[in-house]
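One structure is given below, encoded as structure tokens.
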Amino acid sequence: MEAPLYPDLRPDPSAPRGGQPAFWVGPRHLAGDDGRLYDVVADALAGLGWTSLTIVRGRHEPDEEPEDRQVLRSTVLHISPDALRWAQWGLADEPFHLGGLPIAWQISARAEASSPLAQWSAYFTRDVPGEAVVDFLVALDASNQPASALAGPELVLDSVAAHGWFRDIDQPEAAAMDPTFTSHISLGEVPPLIQDGDLRALSAEDDETRPAGWQAWAEPVLGAPLLWVASFAASVPHDLVAAFAASLSSTAPVLRRVLPEATQERLLRAPAI
């Protein structure tokens with residue numbers, strides 16, 4: 001059973017970040033994003049040579065000072081050098097939700113730069129560990145065919161099984177969960193509005209089988225709000241999902257100053273000296 005290594009040293013998420021002690025924590029899939037999901041991912045994309053563009057939509061009233069302008073939507077778009085892949089950060093005034101949580105990062109790819117549409121998209125809410133999103137993007141950046149499947153779904157399940165996750169008894173070929181049964185990854189029905197270039201995902205009727213995509217989520221307490229959600233369109237290559245899954249389930253500790261309130265009692269942690 002997981003328990004704090006130092007139960008009396010509990011970081012206060014409301015305290016100023018500069019005064020927060022740093023901890024090495026695990027398991028990674030319950031460690032949250034440290035409140036730095038944008039910075040961690042954006043820094044990694046800059047290191048990969050992706051360019052960024054900020055788009056702001058707001059409302060400016062007559063005689064209103066510039067500093068009082070109300071920004072309704074702020075989006076930062078990061079584009080790869082070959083323009084085949086992009087990542088968009090945006091917490092909007094009317095956000096797109098997954099599992100009751102607003103989407104923070106949307107990552108997409110296409111087969112040809114001349115195509116105006118993405119072949120697929122993947123979505124990540126806040127509190128998805130930034131390390132897992134970065135590893136997904138590193139794999140995407142390294143792929144010569146970002147819109148083509150190069151491996152089967154078994155690769156995803158093998159990647160988490162290698163780190164001690166269990167295959168679902170009822171769906172051993174399509175689902176797995178961590179040993180504490182709080183985090184899950186499953187291949188199945190894709191939530192509504194997930195962008196996919198596969199026309200079957202758009203045209204399938206209610207009584208027809210839609211293409212299956214990977215979904216991952218953490219539910220620290222059964223029936224309580226989810227900690228995070230990640231959703232992958234059916235056309236997202238399995239090898240890219242496997243890169244995310246391997247990082248998510250990794251047993252290597254991660255550095256954190258801010259811990260999710262819902263999982264503090266489940267985390268092993270030691271001060272980073």
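These numbers come from a predicted model, not from an experiment.
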Identify the two heavy atoms, one from A147 and one from P237, that lie closest to each other, and give their separation to 0.1 Å.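 Looking at all heavy atoms of both residues, the shortest contact is C-CG, 4.4 Å.
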Among F136, Y123, W89, W86, which one satisfies ring-ring contact (aromatic ring centres under 6.0 Å, His included) with W105?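 Only one option passes, and that is W89.
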According to a 4.5 Å side-chain heavy-atom criterion applied to Ile, Leu, Val, Met, Phe, Trp and Tyr, with indirect links allowed, do [X] and [Y] form part of one hydrophobic cluster?
X	Y	value
M177	W214	no
V41	L240	yes
V40	L37	yes
V156	L150	no
L45	L77	no

Taking the six-membered ring for Trp, is the centroid-to-centroid distance between F244 and F124 below 6.0 Å?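 Ring centroids of F244 and F124 are less than 6.0 Å from each other.
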Working to the nearest 0.5 angstrom, can you tell me the gap between [X] [atom1] and [Y] [atom2]?
X	Y	atom1	atom2	result
I79	T51	CD1	OG1	5.0 Å
H184	F166	NE2	CZ	12.5 Å
T125	L226	OG1	CG	8.5 Å
L117	R110	CG	CZ	9.0 Å

Just do the salt bridge (charged side-chain N to carboxylate O under 4.0 Å, His left out) check on D178 and R266 with the steps written out, would you? CA-CA 13 Å; D178 81 288; R266 293 177 176 267; over 6 Å; no
Which residue in the set H29, R28, E131 passes side chain to side chain donor-acceptor pair (under 3.5 Å) when paired with S247?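 Single pass found, and it is R28.
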Under 3.5 Å, is there a donor on one side chain and an acceptor on the other for W228 and D33?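 D33 and W228 do not have a side-chain donor-acceptor pair below 3.5 Å.
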For [X], does the [atom1] atom sit with more than 12 other heavy atoms under 6.0 Å from it, leaving out its own atoms?
X	atom1	answer
R126	CZ	no
E189	CD	no
D82	CG	yes

S183 and W217, any side-chain heavy atoms less than 4.5 Å apart: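 The answer is no, as the side chains (C-beta and beyond) never meet within the 4.5 Å cut-off.
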